[in-house]
Amino acid sequence: MTEAGEGTVETAPNCHHDDNDDNNVSHDPHEVVPSDAQTTTAPTPPTPTTNEHKLHTTWSLWFDHHQHVKDAPSFEQTLQKLGTFASVEGFGRLYAFLQRPQALHNYSNFFLFRHETLPMWESFPDGGCWILKVKKKAPFLGLWWERLCLAAIGEGFEDSAVVGVEVSIRTREDILSVWVNEASPATRLRTGEAMRRLLRLQPHTTLEFKLFMTSMRDHSTFRHAKPYEVPSDAEDHPPLRPLPVSPRPDGGKKQVYSSRLAGGHPGAMLCRGNEPNADQK
């Protein structure tokens, strides 16, 4: 993977989730989160039975639609818990009621987090998140979101530092995120490699990582994120390891990392690479 410099700072309200460059967007009162009713929460899942497949921890699904209007409610006020579950079947009962990411309006976010922890930077001050930006109308967005959800509840990341996953719908691109509760270099690269492996990202795809301490200063999840590039070096499937710093054409520097590649996925070509950042708020 490749590390590069940071972007510019934009001031925003002091809450978890991110504003965007479009300041005239307002909440659509007709938006439906559950797929079958004009309600703000999904039906309460039935009580799990003893025959169900228990998860390692409980998980909660959350929804947020951020408003870009004067005197808009805070993130905590717009955040809605859709349900909590403790089994594979419980997840299925809740997930079946949700719209797919492609059907959501702009500035909508789904969060899947351990226990009932609020999906906020302040909940994990020592943590951060991996970010994958996906072009609009990518047909694989729903598949990738579902894959991250299943990997999270099934402990497919094989790392207890992973506390949640998120999908964010924006105007020019959509975003998938994996949150960790601590952001040491080892955890950062281990979970980034797991995300790359689970989504089968192709070489030269860009992932970004953002520390929540930085988010609390610049009031954004996505701005000032550091990019890492999946390299083309897959010979003999080497483990993730740092390589010498190489200069960038723009005068910056990139820290290149070798990565174990699991094979290309046709949809990976829809990911944004080193293009100008957009919808970073």
Side-chain angles (χ1 to χ4, degrees), residues 1-10 12 16-22 25 64 66 100-102 104-112 119 121 128-149 151 164-180 183 188-189 191-212 214-215 218-231 248 250 252 254 257 259 264-281:
M1 292 184 180
T2 299
E3 182 173 355
E6 299 184 347
T8 59
V9 179
E10 180 173 323
H16 157 67
H17 233 281
D18 315 295
D19 289 335
N20 194 274
D21 296 327
D22 300 331
V25 177
D64 165 64
H66 196 75
R100 297 302 167 252
Q102 294 93 329
L104 296 176
H105 291 281
N106 289 331
Y107 310 102
S108 298
N109 311 284
F110 274 137
F111 307 89
L112 176 63
W121 310 319
C129 68
W130 280 105
I131 299 162
L132 175 64
K133 296 176 180 176
V134 182
K135 289 184 177 180
K136 294 297 291 185
K137 301 187 184 301
F140 292 93
L141 179 66
L143 172 64
W144 290 338
W145 165 238
E146 185 173 285
R147 188 173 290 170
L148 288 181
C149 289
V165 295
E166 171 188 4
V167 60
S168 301
I169 306 304
R170 296 296 184 265
T171 55
R172 286 175 291 233
E173 60 193 3
D174 301 323
I175 299 167
L176 294 166
S177 304
V178 174
W179 290 41
V180 293
R188 189 181 309 183
L189 295 179
T191 54
E193 167 64 17
M195 184 178 182
R196 186 218 53 75
R197 171 178 50 82
L198 290 165
L199 298 182
R200 303 176 186 175
L201 300 180
Q202 291 187 346
H204 307 301
T205 299
T206 297
L207 289 170
E208 297 177 321
F209 191 86
K210 179 72 178 283
L211 294 170
F212 292 147
T214 306
S215 293
D218 63 22
H219 313 297
S220 170
T221 297
F222 308 128
R223 287 194 182 277
H224 278 180
K226 293 184 177 181
Y228 291 76
E229 184 180 79
V230 177
R248 290 173 58 95
D250 59 8
K254 297 195 291 186
Y257 294 92
S259 176
H265 189 285
M269 296 302 293
L270 295 167
C271 298
R272 294 182 69 91
N274 295 318
E275 301 176 51
N277 290 334
D279 292 340
Q280 297 184 49
K281 291 301 295 174

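All residue numbers refer to positions in the sequence shown, counting from 1.
Between D64 and E166 the shortest side-chain heavy-atom distance does not fall below 4.5 Å. By the 4.5 Å heavy-atom criterion applied to side chains, I169 and L141 are counted as neighbours. Contact of the F222 side chain with the S168 side chain is registered, since non-hydrogen atoms from C-beta on lie closer than 4.5 Å. In this structure, the side chains of L201 and L207 come closer than 4.5 Å at one or more pairs of heavy atoms. Side-chain atoms of V178 and L132, non-hydrogen and from C-beta on, never get closer than 4.5 Å to each other. Between V180 and R188 there is no side-chain heavy-atom pair separated by less than 4.5 Å. Taking the side chain as every heavy atom from C-beta outward, Q102 and K137 never approach each other to under 4.5 Å. In this structure, the side chains of L189 and Y228 come closer than 4.5 Å at one or more pairs of heavy atoms.
The minimum heavy-atom distance between G128 and A183, with the atom names listed, is N-CB, 4.3 Å.
Salt bridge R170/E173: absent, no basic N to carboxylate O contact under 4.0 Å.
In this structure, NZ on K210 lies 7.0 Å from CH2 on W121, to the nearest 0.5 angstrom. Put simply, CD1 on I131 and NZ on K226 are 12.5 Å apart, with the number rounded to the nearest 0.5 Å. With rounding to the nearest 0.5 angstrom, the CH2 atom of W144 is 10.0 Å from the CE atom of M195. The line from NE2 of H224 to OG1 of T214 is 8.5 Å long, rounded to the nearest 0.5 Å. Here the OG1-NE2 distance, from T171 to H105, works out to 14.5 Å after rounding to the nearest 0.5 Å.
Of the listed residues (L176, L143, V167, V134), just one forms a side-chain contact (heavy atoms from CB on, under 4.5 Å) with P101, and that residue is V167.
Checked by atom type and distance alone, the side chain of S177 never pairs as donor or acceptor with a backbone atom of V165 at under 3.5 Å. Although no hydrogens or angles enter the test, the distance criterion places no donor-acceptor pair under 3.5 Å between the side chain of K133 and the main chain of E208. Side-chain atoms of K136 never come within 3.5 Å of backbone atoms of D174 as a donor-acceptor pair (strictly under, hydrogens ignored).
F212 and W179 have tilted rings, their planes meeting at an angle from 30° to 60° on a 0 to 90° scale.
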